[in-house]
Protein chains: 2
Amino acid sequence: MTKNYASEISSPLSSNHEDYLKAIYLLETRGQKVTNSALSEYIGFTPASATNMVKKLAQMDLVVYERYQGVTLTDTGRRVALEVLRHHRLLELFLHKTLDIPWDRVHDEAERLEHVISESLEDAIAASLGYPKVDPHGDPIPSKSGEINHTPSLPLSRAETGRTYTLVQVLSHDNERLAYLGTLGLHPDVEIHLQERAPFDGPVLLVVAGVAHALAFEMAGLLQVAPLPAD
Amino acid sequence: MTKNYASEISSPLSSNHEDYLKAIYLLETRGQKVTNSALSEYIGFTPASATNMVKKLAQMDLVVYERYQGVTLTDTGRRVALEVLRHHRLLELFLHKTLDIPWDRVHDEAERLEHVISESLEDAIAASLGYPKVDPHGDPIPSKSGEINHTPSLPLSRAETGRTYTLVQVLSHDNERLAYLGTLGLHPDVEIHLQERAPFDGPVLLVVAGVAHALAFEMAGLLQVAPLPAD
DNA sequence: CCTACAATTTAGCCATGACTAAAAATTACG
DNA sequence: CGTAATTTTTAGTCATGGCTAAATTGTAGG
């Protein structure tokens, strides 16, 4: 299990180290400052444990940490986080496409597998999938060198009525929600016609594959869409 | 990662627990009594560590352990060992067939993956492979209910000269040895004609796919063969 | 600007499971 | 059958990384 980032790092990283780094990355992406309590809530440990771990990550130069001020990834830390995220998303797609595992069940499995696959297995998986760019939820898969490109998109809840969009990304890892959305045919790449929006952030009326559905406002906020090219 | 054996077991098992149980199973299969030092050597820890762990496994009713007398699997312990072994061998075959990973590189990968795949992923893998009976080395894959059938076979080093055999199993996990055997075309299911044997456990002359090779006695001892049905 | 409240960190505890060194039991041989 | 050599276990240490409770720091409102 020689890792790509192995050369840059003093001591080997546990699954937990990797989970923390991944969490910090994802929280940083959300924009706000990453406090230890936000981090602890995200990973499901107590704030004290997060402080503890963050200190260790700082010693390894994976994060910059100043007491009471929150935490930031270093370049090396970001490399690690992106590698884990690459593993995760490649695995999700692989499980979905190669083993027909429904998109609402790939996350938990990938969550464990991501920490134990070797670089060469990662490569083999990427090759067998044709070097894909997004996972089954439309989340971008970082490249081997750590680049990640976010396709421009907007939440369906803010889109214009009367227009047709392509669904590019579903911002949820909640199994039940995903299963529900799946029953409506709402997967990335599907076309959605936005028929009507109730006022005051009310539900949304949309048409997918000729069938009309009502969707709660907050649910529509999870659906990132892009206008059709010729629209 | 709800395990099949979960219902029978008090506390969850770590990867290490599973590795110990698997090792005990494999050593038991070899026939001799499983001492803690044999066990410790097999798994690569000190004898003291093995004693330590064996005590814990005994508390969990996974093994029967009597001081200075070695260790034996209970029925539950054997169930766990066979489940891990099933994971391992299914994964080896899956990596080999689905991702074209050479047979001399599947072992180490499977060694880590076996501890983290869910029962449902195990099922999906087994189904996608058509419920196979053996892994790429010819080792039998235990069934979901814990049955395992050893095809009758004999080591090539004890076979009769002048006859043709089917290679059914290669008893080695050493990467280099496997790679070497692979270059000779020696994979399970291949036909081997045993041409000649040097006396006093000397090398063996055999023909594989029309090509003659000399093989050291000990290497031939790793090749389990069965006589051709009509021979 | 000072106090009260919330967020954060520290201190100290626990379980896990490796290790070494010393003690105890077993085995083997004269 | 008793003693020496070997095997095995025990005792005690360490690192990891979670936890709770207490102390500290930051922040917001009067």
Practice task
Establish, with yes or no, whether the OP1 or OP2 oxygen of D/dC19 is under 4.0 angstrom from a side-chain nitrogen or oxygen of A/S49.
Solution key: yes
Practice task
Figure out the CG/C1' separation between A/N36 and D/dT25, and round it to whole Å.
Solution key: 14 Å
Exercise for the section: Find which nucleotide of DNA chain D each of B/R67 and A/Y20 is nearest to by heavy atoms, and output the residue with the more 5' nucleotide. Expected result: B/R67
Problem - Closest nucleotide among C/dA18, C/dT9, D/dG17 to the A/S14 side chain - result: D/dG17
Exercise for the section: Consider the side chain of A/T51, meaning its heavy atoms from C-beta on, and name the nucleotide among C/dA7, D/dT16, C/dT9 that approaches it most closely. Expected result: C/dT9
Problem - Short side-chain N/O contact to C/dT27 OP1/OP2 from B/Y68, under 4.0 Å - result: no
Fill in the blank from the handout: Out of C/dA18, D/dT20, D/dG18, minimum distance to the side chain of A/T46 belongs to D/dT20
Problem - Whether over 12 other heavy atoms sit under 6.0 Å from B/E41 CD - result: no
Handout entry: Charged N-O contact under 4.0 Å between A/E114 and A/K22
Key = yes
Practice task
Among the candidates C/dT8, C/dT20, D/dT8, find the nucleotide nearest to the side-chain atoms of B/S37.
Solution key: D/dT8
Fill in the blank from the handout: dist A/I24:CD1 -> A/Y65:OH (nearest 0.5 Å) comes out at 11.5 Å
Exercise for the section: Round to the nearest Å and state the distance from B/N52 atom CG to C/dG17 atom P. Expected result: 9 Å
Handout entry: Length of the CD-P vector between A/E41 and C/dA7, whole Å
Key = 11 Å
Practice task
Starting at atom NE2 of A/H17, determine the distance to atom P of D/dT16, rounded to an integer number of angstrom.
Solution key: 8 Å
Handout entry: B/T35 vs A/K33, nearer the 5' end of DNA chain D by closest nucleotide
Key = B/T35
Handout entry: Between C/dT8 (P) and A/M53 (CE): distance, integer Å
Key = 18 Å
Completion exercise
Atom NZ of A/K56 and atom C1' of D/dG17 are separated, to the nearest Å, by 5 Å
Completion exercise
From CD of A/E18 across to P of D/dG17 the rounded distance in Å is 12 Å
Exercise for the section: Output, in order, the C-alpha distance, side-chain angles, deciding distance and verdict of side chain to side chain donor-acceptor pair (under 3.5 Å) for A/T151 and A/S153. Expected result: CA-CA 6 Å; A/T151 315; A/S153 61; over 6 Å; no
Practice task
State whether A/K144 and A/E83 are salt-bridged, where the test is any N-O pair (Lys NZ or Arg NE/NH1/NH2 against Asp/Glu carboxylate O) under 4.0 Å.
Solution key: no
Problem - B/F45 CZ to C/dA18 P, straight-line distance once rounded to whole Å - result: 5 Å
Exercise for the section: Please check the phosphate of D/dG18 (OP1 and OP2 only) for any side-chain N or O of A/N16 closer than 4.0 Å. Expected result: yes
